[in-house]
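Everything below concerns the one structure shown next.
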Amino acid sequence: SEGGLSVFAFCLKPNHYHLLCETPHGELSRWMRLINGPYAQYFNQQHRRMGHLWQGRYKAILVEEGSYFLECSRYIHLNPNRSKITRPAERYRWSSYREYIARGVSPVDWVSTEMTLSHFDGDREAYREFVEAGRGEKPISPFERAYAGLVLGGEAYIDKIRRMTKGILGKPD
């Protein structure tokens, strides 16, 4: 939660990453420039490589708190399984999942687990069971489900965002 960025889930992949975060001050583009710019340069220097670290420009969607938020968290945490990088997902080092199921084993200390775990009364095992229950389901990317590719949530949430953006998202289908 450094200066307005709270990270709730992440998964770094060889050519892209998934990040579930909140920017209460509306500075997402600034944070993404920091991640995709100076950090990528630092990484390249450390590993004696050149070029882009991740492919393409970032895509962002607004996610409604509650079940939609939890589904995004599960989608991100099961990502190493789907791409067959490692199984089970908790063995994948570059994900926040390990921090959720066994506090303190994540490679970073800036993941905020409290909001997500509050939906499970703080019970890490209950969250693990929730994530594991998704292994057998066909994963659907949050981007595929997002209204206009920008908002993931129920009808009331989408209507609220539509009103806030003065109709930029268009009319409901």
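Taking both residues in full, the closest heavy atoms of Leu150 and Ala60 are given as CD2-O, 4.2 Å, listed atom of the first, atom of the second, then distance. Heavy-atom minimum distance, Arg124 versus Glu99: NH1-O, 2.8 Å. Annotation for Ile61 and Pro142: closest pair CD1-CB, 3.7 Å, computed over non-hydrogen atoms. Minimum interatomic distance between Ile161 and Val151 (heavy atoms only, all atoms of both residues): CG2-CG2, 3.8 Å. Here the closest heavy-atom approach between residue Gly153 and residue Glu64 is recorded as CA-OE1, 3.3 Å. Pairing each heavy atom of Pro24 with each of Gly4, the nearest pair is CD-O, 3.2 Å.
Ser112 places no side-chain N or O within donor-acceptor distance of the main-chain N or O of Ser6, the cut-off being under 3.5 Å. Here the side chain of Tyr92 pairs no donor or acceptor atom with the backbone of Tyr97 at under 3.5 angstrom. The main-chain N or O of Glu125 is found under 3.5 Å from a side-chain atom of Asp123 such that the two form a donor-acceptor pair.
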**OP:** List the steps, then state whether side chain to side chain donor-acceptor pair (under 3.5 Å) holds for Arg162 with Tyr147.
**Re:** CA-CA 10 Å; Arg162 189 180 297 110; Tyr147 178 79; 3.1 Å; yes

Original post:
Are Tyr100 and His77 close enough, and set up right, to give a side-chain contact (heavy atoms from CB on, under 4.5 Å), and what steps lead you there?
Top reply: CA-CA 10 Å; Tyr100 275 89; His77 286 147; 3.4 Å; yes

**OP:** Determine, stepwise, if the pair Leu20 / Val7 fulfils side-chain contact (heavy atoms from CB on, under 4.5 Å).
**Re:** CA-CA 6 Å; Leu20 180 59; Val7 176; over 6 Å; no

Original post:
Can you check side-chain contact (heavy atoms from CB on, under 4.5 Å) on Thr116 and Leu70, steps first, answer last?
Top reply: CA-CA 7 Å; Thr116 307; Leu70 293 175; 3.8 Å; yes

Subject >> Derivation of the side-chain contact (heavy atoms from CB on, under 4.5 Å) call for Cys21 and Leu28 >> reply: CA-CA 9 Å; Cys21 63; Leu28 180 61; 4.3 Å; yes

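The shortest side-chain heavy-atom distance between Arg145 and Tyr68 falls under the 4.5 Å cut-off. With a 4.5 Å cut-off on side-chain heavy atoms, Ser96 and Cys11 do not count as touching.
If you look at Phe69 and Phe8, their ring centroids are closer than 6.0 Å. Aromatic ring centres of Tyr127 and His119 lie farther apart than the 6.0 Å criterion allows.
Atom CD of residue Glu132 and atom CD1 of residue Ile101 lie 7.0 Å apart, to the nearest 0.5 angstrom. Rounding to the nearest 0.5 Å places CD of Glu65 at 8.5 Å from CD of Glu22. Here Ser29 contributes atom OG and Trp31 contributes atom CH2; the two are 12.0 Å apart, rounded to the nearest 0.5 Å. Remark: His18 NE2 to Asn79 CG distance equals 3.5 Å, nearest 0.5 Å. With values rounded to the nearest 0.5 angstrom, Tyr157 atom OH is found 12.5 Å from Asp159 atom CG.
A cation-pi arrangement, defined by a distance under 6.0 Å to the six-membered ring centre and an angle within 45 degrees of its axis, is present between Arg74 and Phe130.
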